[in-house]
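Beneath this line is the structure, given in structure tokens, with notes to follow.
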Amino acid sequence: MGRGDLTNAEWARLKPHLPAFGQRGGRWSDQRKVINGILFRVRTGIPWRDLPERFGRWKTIYERHRRWSADGTWDRILRAVQADADLAGRIDWGMVSVDSTSCRAHQHAAGARKKKPRVPKKRTTPRHHRPDEGLGRSRGGLTCKIHLAGEGGCRPMAFLLTPGQWGDAPQMIEVLKRIRVPRPQGGHPRTRPDHLGGDKAYSSRRNRRYLRRRRIKHTIPKPKDQRANRQRRGSAGGRPAGFDREHYRRRNEVERTINRLKNSRAVATRYDKRTHVFHGTVTAAAVRLWLRP
């Protein structure tokens with residue numbers, strides 16, 4: 001077993017959730033070796049062609065990752081691993097925080113074809129595909145932003161990719177809608193945390209109205225201009241929003257989650273041209289975080 005490969009305990013937790021071997025064209029290559037190759041590339045960020053020979057043909061590893069990113073297999077694996085963790089009581093629903101991080105896009109990430117990509121052997125567009133490919137141009141060059149919700153154990157619950165110049169507040173509701181942890185023993189998937197934390201960037205009437213409607217307690221401080229506007233309106237401005245310092249101190253958990261996620265160099269710097277492939281790269285890194293004890 002090489003450095004960074006799946007341990008026997010991690011493989012035992014992951015193996016039941018992998019798709020079955022292909023029906024046509026013979027059996028797939030060794031699943032464990034291929035996944036170790038994918039995780040090696042996610043961790044190091046090297047070009048696919050430079051993968052060590054101990055993982056097998058680089059083309060096989062790349063195609064497996066591309067297919068699983070296109071048809072949503074990586075997303076299903078992530079939800080299954082989260083369901084196991086929830087069943088074992090390893091998810092801290094008491095505090096879920098939201099935040100975002102920018103990823104600099106390498107020059108290899110630019111220049112994707114304008115034509116819509118296709119799911120292999122299916123006449124559909126890949127999941128999470130964006131016409132803008134999730135790339136935005138700023139003074140620093142091409143960037144991509146990851147909007148993320150993390151639980152108290154410093155592991156990602158859900159995330160969303162957007163161009164780097166997009167704001168944080170408009171994406172909060174979409175990120176929360178992507179939290180969906182199945183319950184293997186029966187019942188609807190859990191989608192609502194007990195408490196939500198966020199910084200001033202997420203303070204908006206739309207977000208607070210959505211959280212109240214779903215009965216999610218939240219700790220989001222108001223910027224000075226919003227507080228001054230409420231005071232200027234007098235009684236018409238309504239009551240001030242509550243603020244719990246003890247809960248807000250736990251907002252560092254989502255920042256630590258982002259740091260752990262960006263330990264994978266293929267996440268910290270985007271090398272993938274297509275959005276759905278980069279989404280699969282981030283999801284594979286998240287799965288690895290959930291597999292660790």
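Residue numbers run from 1 in the order of the sequence given.
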Practice problem: Would you check if there is a donor-acceptor pair between the side chains of R251 and T219 at a distance under 3.5 Å? | Solution: no
Self-check item: Nearest heavy atoms of G150 and V254, plus distance in Å
Solution: N-CG2, 4.0 Å
Exercise. Using the test ring pair (Phe, Tyr, Trp, His ring centres under 6.0 Å), find all partners of H147 that sit at least two apart in sequence or belong to another chain.
Key: none
Self-check item: Closest non-hydrogen atom pair between T101 and K262, with its separation
Solution: OG1-NZ, 2.9 Å
Self-check item: H65: side chain to side chain donor-acceptor pair (under 3.5 Å) partners, not counting sequence neighbours
Solution: W74, T281
Self-check item: Minimal non-hydrogen separation, C103 against I146, with atom names
Solution: SG-CD1, 3.6 Å
Practice problem: Could you walk me through whether R214 and T191 pass the side-chain hydrogen bond (donor to acceptor under 3.5 Å, both in side chains) test, one step at a time? | Solution: CA-CA 10 Å; R214 296 198 63 194; T191 61; 3.1 Å; yes
Quiz prompt | Atom NZ of K273 with >12 non-hydrogen neighbours under 6.0 angstrom | solution = yes
Quiz prompt | Pair H218-N207, side-chain hydrogen bond (donor to acceptor under 3.5 Å, both in side chains): steps then yes or no | solution = CA-CA 10 Å; H218 54 279; N207 289 342; over 6 Å; no
Self-check item: Atom of T257, atom of C154 and distance for their closest heavy-atom approach
Solution: OG1-CA, 3.0 Å
Quiz item: What closest approach, in Å, do G198 and Y248 show between heavy atoms, and which atom pair accounts for it?
Solution: O-CE1, 3.4 Å
Quiz item: Do V277 and W58 belong to the same hydrophobic cluster, where Ile, Leu, Val, Met, Phe, Trp and Tyr are linked whenever their side-chain heavy atoms lie under 4.5 Å apart, directly or via other members?
Solution: no
In residues 286-293, what donor-acceptor pairs under 3.5 Å come from side-chain atoms, sequence neighbours left out?
residue : atom : partner : partner atom : Å
R288    : NE   : E10     : OE1          : 3.4
R288    : NH1  : G4      : O            : 2.8
R288    : NH2  : D5      : O            : 3.3
R288    : NH2  : E10     : OE1          : 3.1
W290    : NE1  : P156    : O            : 2.8

Quiz item: At their closest point, which heavy atom of D199 faces which heavy atom of I220, and how far apart are they?
Solution: O-CG2, 3.4 Å
Quiz item: What ring pair (Phe, Tyr, Trp, His ring centres under 6.0 Å) pairs are there with at least one residue in residues 183-210, not counting sequence neighbours?
Solution: H195-H247
Quiz item: Mind checking who shares a hydrophobic cluster with L160, ILVMFWY linked at side-chain heavy-atom distances under 4.5 Å?
Solution: V175
Exercise. Check the surroundings of atom CZ in R79: do more than 12 heavy atoms from other residues, nucleotides or ligands lie under 6.0 Å from it?
Key: yes
Self-check item: Interatomic distance, T124 atom OG1 to K116 atom NZ [nearest 0.5 angstrom]
Solution: 11.5 Å
Practice problem: Would you please test R66 and S69 for side-chain hydrogen bond (donor to acceptor under 3.5 Å, both in side chains) and show each step? | Solution: CA-CA 5 Å; R66 184 177 66 86; S69 300; over 6 Å; no
Quiz item: Does any non-hydrogen side-chain atom of H279 lie less than 4.5 Å from one of F159?
Solution: yes
Practice problem: Take atom CZ of R127 as the centre, draw a 6.0 Å sphere, and report whether it contains more than 12 heavy atoms from other residues, nucleotides or ligands. | Solution: yes
Quiz item: Any ion pair linking R41 and D272 (charged N to carboxylate O, less than 4.0 Å)?
Solution: yes
Quiz item: Does R256 come within less than 4.0 Å of E253, counting only side-chain N to carboxylate O?
Solution: no
Quiz item: Is the backbone N or O of R32 less than 3.5 Å from a side-chain atom of N36, with the two atoms forming a donor-acceptor pair by type?
Solution: yes
Do any side-chain atoms of residues 130-137 form donor-acceptor pairs under 3.5 angstrom with protein atoms, and if so which ones, sequence neighbours left out?
residue : atom : partner : partner atom : Å
R130    : NE   : D132    : OD1          : 2.9
R130    : NH2  : D132    : OD2          : 3.0
D132    : OD1  : G134    : N            : 3.0
E133    : OE1  : T275    : N            : 2.9
E133    : OE1  : T275    : OG1          : 3.1
E133    : OE2  : R274    : NH1          : 2.6

Self-check item: Close aromatic pair by centroid cut-off 6.0 Å: H108 and Y271
Solution: no
Self-check item: 4.5 Å side-chain heavy-atom contact, I38 and Y62
Solution: no
